[in-house]
A.B. asks: 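Attaching a single structure in structure tokens format; questions to follow.
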Amino acid sequence: MQVLGIESSCDETGVAVYDTGRGLLAHALHSQVDLHAVYGGVVPEIASRDHLTRIVPLVARVLADAGVERPDAIAYTAGPGLVGALMVGGGVANGLGLAWDRPVIAVHHMEGHLVAPMLEDAPPPFPFLALLVSGGHTMLIAVRGLGDYEMLGTTLDDAVGEAFDKTAKRLGLGYPGGPALAKLAEDGNDTAVDLPRPMLNRPGYDFSFSGLKTAVLQAVQKSEAAGRLDDDRADIAASFQRAAVDTLIGRTLSAARDAGMERVVVAGGVGANQCLRADLATRFDGEVYYPRLAFCTDNGAMIALAGALRLADAHEGREIIARARWALESLGKPRAA
Ligand code: KG4
Ligand code: ZN
């Protein structure tokens, strides 16, 4: 079975074809980062309009690259995300489904991130603990099978990617700041600024990043007032990254231990962070799985794969589903085919 996957939940238009026998056949991505950078964040209306101009040529190119004329099913991101942006991918997917007489699958964006490591040569077997870290989410999930999710912890306020982005913005690093902040941190001393490790002394596995964000913004203000920001910038970036990574890893290690998980999957944009990867490798005894770097951030390949795994859930009705919010735990296992 060949599944066309379409991602348009935020500021990347992603398209891919996944073959259940041969694996990923082709994928392409158009990033809108440059369009939104001048505004310091994603502007929903601009995102929707740009998806609209990019998506059809991208679908045509990926089908040609894959050597596929009519895939057997079409998967699209139905949420969570920006509703206007989601409607573009959902509209194209449903239109193609109607034209080709093919079933359409509404994919949960975070399930896409969750299965992304399964596109690699050594896919993680179930069960595993998943750390999903992106611009909108920070979650620890006990994954016992597809759709069998126990939410162990989530953020009580900001997502970790958001904390990276806001800190980076305050340091004058532009948008999206996560990768730029990580780069700057390479030249800094990560013990230079004393920052909190929020929640680590509390029971449970929830996260909170607003206290850390406030503390780092105060450090920036103090440095600015002393006229030292140019000298301190890298140290502040490194100290922030260290505190954020320590918090993520502290929670992950205790959740893995308590849930008896020998495998950890890290996915979502912040999973591209090399400091997180290096530290987890040294501090966790078990196996750690990641998607390749290009599939940590939003992409069509993860949506095509998630669709292939949920072929049984295809909806025949021509309804475009676009949900701003959608709880991952509400998915449940795929219907028996
Ligand atoms: O998964 P993703 O592409 O989009 C969402 O679904 O949110 O994640 C984007 C987030 C942004 O906050 C970005 O700054 C962050 O991932 N990010 C990073 C790195 N690369 C991307 N954060 C820290 N270090 C990185 N290397
Ligand atoms: Zn994402």
Side-chain angles (χ1 to χ4, degrees), residues 5-15 29-33 35-36 39-55 74-95 97 104-116 130 132-141 147 149 151 153-166 175-176 178 206-210 267-270 297-300 302-304 306-307 310 313-315 317-332:
I6 297 177
E7 156 65 33
S8 72
S9 66
C10 190
D11 58 348
E12 332 264 3
T13 320
V15 178
L29 185 85
H30 180 266
S31 173
Q32 306 176 355
V33 160
L35 274 186
H36 301 288
Y39 302 98
V42 177
V43 183
E45 176 77 16
I46 294 177
S48 310
R49 286 171 184 271
D50 196 59
H51 285 305
L52 215 45
T53 61
R54 305 285 175 180
I55 200 159
I74 304 132
Y76 68 99
T77 303
L82 302 170
V83 169
L86 291 166
M87 278 165 37
V88 177
V92 169
N94 279 274
V104 172
I105 306 142
V107 170
H108 192 294
H109 181 79
M110 298 313 289
E111 184 163 84
H113 278 302
L114 191 75
V115 300
L132 291 190
V133 276
S134 72
H137 296 88
T138 311
M139 307 193 283
L140 269 172
I141 310 160
Y149 306 136
M151 193 64 61
T154 184
T155 180
L156 303 177
D157 38 60
D158 292 352
V160 61
E162 202 180 339
F164 266 91
D165 292 340
K166 286 182 181 163
Y175 174 85
D206 283 335
F207 299 94
S208 163
F209 288 99
S210 71
V270 182
T297 44
D298 293 348
N299 64 86
M302 67 185 195
I303 303 304
R310 282 200 180 266
D313 291 342
H315 60 96
R318 301 298 169 202
E319 179 199 1
I320 300 168
I321 301 171
R323 297 182 175 134
R325 292 171 172 276
W326 187 5
L328 183 65
E329 315 88 280
S330 71
L331 284 186

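Note: hydrogens, waters and symmetry copies are ignored here, and every other heavy atom, side chains too, is used.
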A.B. asks: Does Asp11 form a side chain to side chain contact (heavy atoms under 4.5 Å, CB included) with Tyr175? I'd like the steps, not just the answer.
C.D. replies: CA-CA 12 Å; Asp11 58 348; Tyr175 174 85; 4.0 Å; yes
A.B. asks: Do His108 and Trp326 have side chains that get closer than 4.5 Å, going by heavy atoms?
C.D. replies: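 Yes, side chains in contact.
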A.B. asks: Where do Ser48 and Gly84 come nearest, in terms of heavy atoms and distance?
C.D. replies: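 In terms of heavy atoms, the two residues are closest at OG-C, 3.3 Å.
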A.B. asks: Mind running side chain to side chain contact (heavy atoms under 4.5 Å, CB included) on Glu162 and Thr155 for me, showing each step along the way?
C.D. replies: CA-CA 11 Å; Glu162 202 180 339; Thr155 180; over 6 Å; no
A.B. asks: About how many Å separate CD1 of Ile46 and CG of Leu82, when rounded to the nearest 0.5 Å?
C.D. replies: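 Reported to 0.5 Å precision, the distance equals 12.0 Å.
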A.B. asks: Answer yes or no: is there a side-chain heavy-atom contact under 4.5 Å between Val83 and Met87?
C.D. replies: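 Val83 vs Met87: side chains touch.
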A.B. asks: Can a donor-acceptor pair be found, under 3.5 Å and without considering hydrogens, that links the side chain of Asp206 to the backbone of Thr154?
C.D. replies: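 Such a contact is found between Asp206 side chain and Thr154 backbone.
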A.B. asks: So which atom in Gly136 and which in Ala159 form the shortest heavy-atom distance, rounded to 0.1 Å?
C.D. replies: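 What the structure gives for the nearest pair is C-CB, 3.5 Å.
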A.B. asks: Taking the side chain as everything from C-beta on, heavy atoms only, tell me whether Leu86 gets closer than 4.5 Å to Thr77.
C.D. replies: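 Side-chain contact under 4.5 Å: yes.
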A.B. asks: Verify the neighbour count for atom CZ of Arg318: are there more than 12 heavy atoms of other residues, nucleotides or ligands below 6.0 Å?
C.D. replies: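 Enclosed.
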A.B. asks: Should the ring pair His109 and His113 be called parallel, tilted or perpendicular, given that the plane angle runs from 0 to 90° and is split at 30 and 60?
C.D. replies: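 Judged by the thresholds at 30° and 60°, the geometry between His109 and His113 is perpendicular.
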A.B. asks: Where do Ser8 and Ala85 come nearest, in terms of heavy atoms and distance?
C.D. replies: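 Taking Ser8 first and Ala85 second, the nearest heavy atoms are OG-O, 2.7 Å.
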A.B. asks: Quick one: pull up OG in Ser9 and CG in Asp298 and give me the separation to the nearest 0.5 Å.
C.D. replies: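 Here the rounded value is 5.0 Å.
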A.B. asks: Do Arg310 and Leu331 come within less than 4.5 Å of each other through their side chains, counting heavy atoms only?
C.D. replies: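 Yes; the side chains approach each other to less than 4.5 Å.
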A.B. asks: Just how far is it from atom OG1 of Thr138 to atom CG of Leu140, taken to the nearest 0.5 Å?
C.D. replies: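 If I round to the nearest 0.5 Å, the distance is 9.5 Å.
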A.B. asks: Kindly give the heavy-atom pair with the smallest separation between Gly161 and Val270, and that separation in Å.
C.D. replies: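 Shortest heavy-atom separation between Gly161 and Val270 comes out as CA-CG2, 3.6 Å.
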A.B. asks: Kindly indicate whether the side chain of Thr13, heavy atoms from C-beta on, has any atom under 4.5 Å from the side chain of Gln32.
C.D. replies: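 Touching, per the 4.5 Å side-chain cut-off.
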A.B. asks: With a 4.5 Å heavy-atom cut-off, do Val15 and Arg54 have their side chains touching?
C.D. replies: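 Side-chain contact under 4.5 Å: no.
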A.B. asks: Would you name the heavy atoms of Ala130 and Leu114 that are closest together and state the gap between them?
C.D. replies: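 For Ala130 versus Leu114, the nearest heavy atoms are CB-CD1, 3.3 Å.
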A.B. asks: Could you go through the side chain to side chain contact (heavy atoms under 4.5 Å, CB included) check for His30 and Asp50 one step at a time?
C.D. replies: CA-CA 10 Å; His30 180 266; Asp50 196 59; 3.4 Å; yes
A.B. asks: Sub-3.5 Å donor-acceptor pair from the side chain of His36 to the main-chain atoms of Pro44, do we have one?
C.D. replies: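 Not confirmed, His36 side chain does not pair with Pro44 backbone.
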A.B. asks: Are side-chain N/O atoms of Asp157 and Ser208 paired as donor and acceptor at under 3.5 Å?
C.D. replies: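 Yes, because at least one side-chain N or O of Asp157 sits under 3.5 Å from a partner of the opposite role on Ser208.
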A.B. asks: Does His137 use its side chain to pair, donor to acceptor, with the backbone of Leu132 at less than 3.5 Å?
C.D. replies: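 Looks like no, no N/O pair under 3.5 Å.
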A.B. asks: Would you say the side-chain atoms of Asn299 pair up with the backbone N or O of Thr297, donor to acceptor, closer than 3.5 Å?
C.D. replies: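 Yes.
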A.B. asks: Can you tell me how far the CE atom of Met139 sits from the CE atom of Met110, to the nearest 0.5 Å?
C.D. replies: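 So the gap between those two atoms works out to 4.0 Å.
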A.B. asks: Any sub-3.5 Å donor-acceptor pair from Tyr76's side-chain atoms to Val88's backbone N or O?
C.D. replies: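 A pair under 3.5 Å: no.
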A.B. asks: State the CD-CG distance between Glu111 and Leu328, to the nearest 0.5 angstrom.
C.D. replies: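 Reported to 0.5 Å precision, the distance equals 6.5 Å.
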A.B. asks: Decide yes or no for Val160 and Phe207: does some side-chain heavy atom of the first lie under 4.5 Å from some side-chain heavy atom of the second?
C.D. replies: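 Answer no - side chains too far apart.
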A.B. asks: Look up atom CD in Glu12 and atom CD in Glu7, then write down how far apart they are to the nearest 0.5 Å.
C.D. replies: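 CD of Glu7 is found 8.0 Å from CD of Glu12.
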A.B. asks: Looking at Ala47 and Val42, what are the two nearest heavy atoms and their distance?
C.D. replies: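 So the two residues come closest at CB-CG1, 4.2 Å.
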